[in-house]
**Student:** 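One structure is given below, represented as structure tokens, and several questions about it will come after.
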Amino acid sequence: MASVAAWNFLAFNLILITLQVLAGRDFYKILGVSKNAKLNQIKKAYRTLAKELHPDKNPGDEEANKRFQDLGAAYEVLSDSEKRKIYDKHGEEGLSKGDVGGDPFSSFFGDFSFFGGGGGGRDREIPRGGDIVMDLDVTLEELYSGNFVEVVRYKPVAKPAKGTRKCNCRTEMVTQQLGPGRFQMTQQQVCDDCPNVKMVPEEKLLEIEIEPGMRDGQEYPFVAEGEPHIDGEPGDLRFKIRQQKHRRFERKGDDLYTNVTISLKDALIGFEMDIKHLDGHLVHVVRDKITWPGARMRKAGEGMPNYENNNVKGQLFITFDIEFPKGTLTEEDKEALIKILKQDSKQVVYNGLQASMFA
């Protein structure tokens, strides 16, 4: 009796496991968000978990690697509105089946008719409204840490109006019989009668995600949010990232550059200091040797995050400038400096831009 119960329990567990496999992965659970989560919540959750589970931070950890792959699959689906609709309706199995309509062959061959040359023919090209490109000023801090920016868009929307209008106008060949056995073909413009419309501006709130590592000139598109077309499809709205100048840092690719002015005393005997970074953390700098004007220090991993992989960061290059004291020195001070520095007088004239050619 106990053996039968054990077998029944085992069979029940196997059925549960099979059902879970068939149902596919729970992408919402993988990301740790609710089923009604907004896109920015999904992106924030993905960014946080991706940093924790990235293979660079977990070398040799197969479990973390598997979770990282599941995380990528979950983000790919839930960040895409169409894929998310299919997933919510049919689960991961629905995505694997495609769940899309249409004829793949007609899409591939562009509705070309192979037989008879006539058939349905090629569809007329759908008219399209113009694209809009807008500059979006973004601070270096936002490009380092990421941010969400809300923009109010006043978009013209077609609304029903009284009367009708001519639409879908096209040129067609018309055949006229002039007499027995005589025909004439001419081109005529043919239009349809469509309900009349008027364009009314409507307010719409657009949310732009400034992703860490984005570059100057990079575009953030909103499909079908451009200029409308009364008989066709609207164009696209594209925001072009424009990086603002920064008071302390200069960006070149994924690297950052900054200058630090120190006193002559610090240059000679050494110093310690902290540089406040773009996200507020402090970069500690120690110099225990003589620092000459133009000396450069490199701090690995303190540059900008790479756009494709935020776990990888560029370098921070620090160039030191020396502030010399003002005023004059007494003869005694000069003699003391000569003894301390132990240097002979030296003056060399050279081409500083091409010094390597004459070295």
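Values in this document were obtained by computation on a predicted structure and should not be read as measured data. Only this structure's heavy atoms are used, side chains among them; waters, hydrogens and symmetry mates stay out.
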**Student:** Check S145 against P212 and note the closest heavy-atom contact, atom names and distance.
**Tutor:** O-CG, 3.7 Å
**Student:** In residues 26-33, what donor-acceptor pairs under 3.5 Å come from side-chain atoms, sequence neighbours left out?
**Tutor:**
from, atom 1, to, atom 2, distance (Å)
D26, OD1, Y28, N, 3.2
D26, OD1, K29, N, 3.1
Y28, OH, R84, NE, 3.0
Y28, OH, D88, OD1, 2.7
Y28, OH, D88, OD2, 3.3

**Student:** Report the residue from R242, R238, K240 that forms a salt bridge (Lys or Arg N to Asp or Glu O under 4.0 Å) with D135.
**Tutor:** R242
**Student:** Using a 6.0 Å cut-off, check whether atom CZ of R165 has over 12 heavy atoms from anything other than its own residue.
**Tutor:** yes
**Student:** Show your reasoning for whether salt bridge (charged side-chain N to carboxylate O under 4.0 Å, His left out) applies to R153 and E203.
**Tutor:** CA-CA 6 Å; R153 160 85 164 120; E203 181 180 308; over 6 Å; no
**Student:** Could you tell me whether a side-chain N or O of D236 sits under 3.5 Å from a main-chain N or O of E227, the two making a donor and an acceptor?
**Tutor:** no
**Student:** Mind checking whether Y307 and M304 sit in one hydrophobic cluster, side chains of I, L, V, M, F, W, Y counted as touching below 4.5 Å?
**Tutor:** yes
**Student:** To the closest 0.5 Å, what do you measure between OG1 (T139) and CD (Q244)?
**Tutor:** 6.5 Å
**Student:** Show me the side-chain donor-acceptor pairs of residues 330-343 shorter than 3.5 Å, one per line, residues at least two apart or across chains.
**Tutor:**
from, atom 1, to, atom 2, distance (Å)
T330, OG1, D333, N, 3.1
T330, OG1, D333, OD2, 3.1

**Student:** Once side chain to side chain contact (heavy atoms under 4.5 Å, CB included) is applied, do any residues pair with M273, and if so which ones, sequence neighbours excluded?
**Tutor:** V260, F271, I275, V285
**Student:** Which residue pairs pass the disulfide bond (SG atoms under 2.5 Å apart) test when at least one of the two sits in residues 186-249, sequence neighbours left out?
**Tutor:** C167-C194, C169-C191
**Student:** I'd like to know whether CD of E207 has more than 12 heavy-atom contacts from other residues, nucleotides or ligands below 6.0 angstrom.
**Tutor:** yes
**Student:** Please, which pairs that meet ring-ring contact (aromatic ring centres under 6.0 Å, His included) have at least one residue in residues 129-155, sequence neighbours excluded?
**Tutor:** Y144-H277
**Student:** Tell me if the centroids of the rings in Y220 and F239 come within less than 6.0 Å of each other.
**Tutor:** no
**Student:** Output yes when D192 and K166 qualify as a salt bridge under the 4.0 Å nitrogen-oxygen rule, no when they do not.
**Tutor:** no
**Student:** Find the distance between CZ (F320) and CD1 (I318) and round it off to the nearest 0.5 Å.
**Tutor:** 5.5 Å
**Student:** Any link between Y257 and M297 through a network of hydrophobic side chains (Ile, Leu, Val, Met, Phe, Trp, Tyr) touching at under 4.5 Å?
**Tutor:** no
**Student:** May I ask whether I42 and I208 are part of the same hydrophobic cluster, defined by side-chain heavy atoms of I, L, V, M, F, W, Y residues being less than 4.5 angstrom apart, directly or through others?
**Tutor:** no
**Student:** Ignoring hydrogens and geometry, is there a side-chain-to-backbone donor-acceptor pair from N310 to N306 under 3.5 Å?
**Tutor:** yes
**Student:** Starting from I241, can I reach V151 by hopping between I/L/V/M/F/W/Y residues whose side chains sit under 4.5 Å apart?
**Tutor:** yes
**Student:** How long is the straight-line distance from CG of D137 back to CD of Q243, given to the nearest 0.5 Å?
**Tutor:** 11.0 Å
**Student:** With distance as the sole test, does Q69 use its side chain to make a donor-acceptor pair with the main-chain N or O of K66 at under 3.5 Å?
**Tutor:** no
**Student:** Any sub-3.5 Å donor-acceptor pair from T258's side-chain atoms to R248's backbone N or O?
**Tutor:** yes
**Student:** Check this for me, if you would: do K159 and E202 make a salt bridge, where the nitrogen-to-carboxylate-oxygen distance has to be below 4.0 angstrom?
**Tutor:** yes
**Student:** Picking from I322, D321, I262, what satisfies side-chain contact (heavy atoms from CB on, under 4.5 Å) with P293?
**Tutor:** I322
**Student:** Taking all non-hydrogen atoms of both residues into account, name the closest pair between R296 and F317 and its distance.
**Tutor:** CD-CD2, 3.8 Å
**Student:** Is there a donor-acceptor pair closer than 3.5 Å between any side-chain N or O of N147 and the backbone N or O of I210?
**Tutor:** no
**Student:** Any donor-acceptor pair under 3.5 Å linking the side chain of Q218 with the backbone of R215?
**Tutor:** yes
**Student:** Do you see a donor-acceptor pair shorter than 3.5 Å between the side chains of T186 and Q184?
**Tutor:** no
**Student:** Where is the tightest heavy-atom contact between N58 and E52, given as atom of each residue plus distance?
**Tutor:** ND2-O, 2.8 Å
**Student:** With no hydrogens and no angle check, is any side-chain donor or acceptor of K85 less than 3.5 Å from a backbone partner on D80?
**Tutor:** no
**Student:** Could you report the tightest heavy-atom contact between S34 and N36, atom names first, then the distance?
**Tutor:** OG-OD1, 2.6 Å
**Student:** Begin with the C-alpha distance, continue with both residues' side-chain angles, and end with the deciding distance and a verdict on side chain to side chain contact (heavy atoms under 4.5 Å, CB included) for K299 and Q315.
**Tutor:** CA-CA 6 Å; K299 288 289 204 177; Q315 304 180 81; over 6 Å; no
**Student:** For atom CE of M134, decide whether the heavy atoms of other residues, nucleotides or ligands shown that lie under 6.0 angstrom number more than 12.
**Tutor:** no
**Student:** Is the closest basic N to carboxylate O distance between K155 and E225 below 4.0 Å?
**Tutor:** yes
**Student:** Does anything in residues 62-83 form a ring-ring contact (aromatic ring centres under 6.0 Å, His included)? List the pairs, not counting sequence neighbours.
**Tutor:** Y46-Y75, H54-F68
**Student:** What heavy-atom pair brings P228 and M199 nearest, and what distance separates the two atoms?
**Tutor:** CG-CE, 3.5 Å
**Student:** Begin from the C-alpha positions of E302 and K313 and carry the test salt bridge (charged side-chain N to carboxylate O under 4.0 Å, His left out) through to its verdict.
**Tutor:** CA-CA 7 Å; E302 291 291 355; K313 291 184 178 179; over 6 Å; no
**Student:** Got a donor-acceptor contact below 3.5 angstrom from the D255 side chain to the G303 backbone?
**Tutor:** no
**Student:** Looking at E219, I want to see if its CD is surrounded by more than 12 non-hydrogen atoms of other residues, nucleotides or ligands under 6.0 Å.
**Tutor:** yes
**Student:** Taking all non-hydrogen atoms of both residues, which atom of E209 and which atom of M214 are closest, and how far apart?
**Tutor:** O-CE, 3.8 Å
**Student:** Tell me whether D288 contacts the main-chain N or O of G270 through its side chain, where contact means a donor paired with an acceptor under 3.5 Å.
**Tutor:** no
**Student:** State plainly whether one hydrophobic cluster holds both L136 and I132, where clusters connect Ile, Leu, Val, Met, Phe, Trp and Tyr through side-chain heavy atoms under 4.5 angstrom apart.
**Tutor:** yes
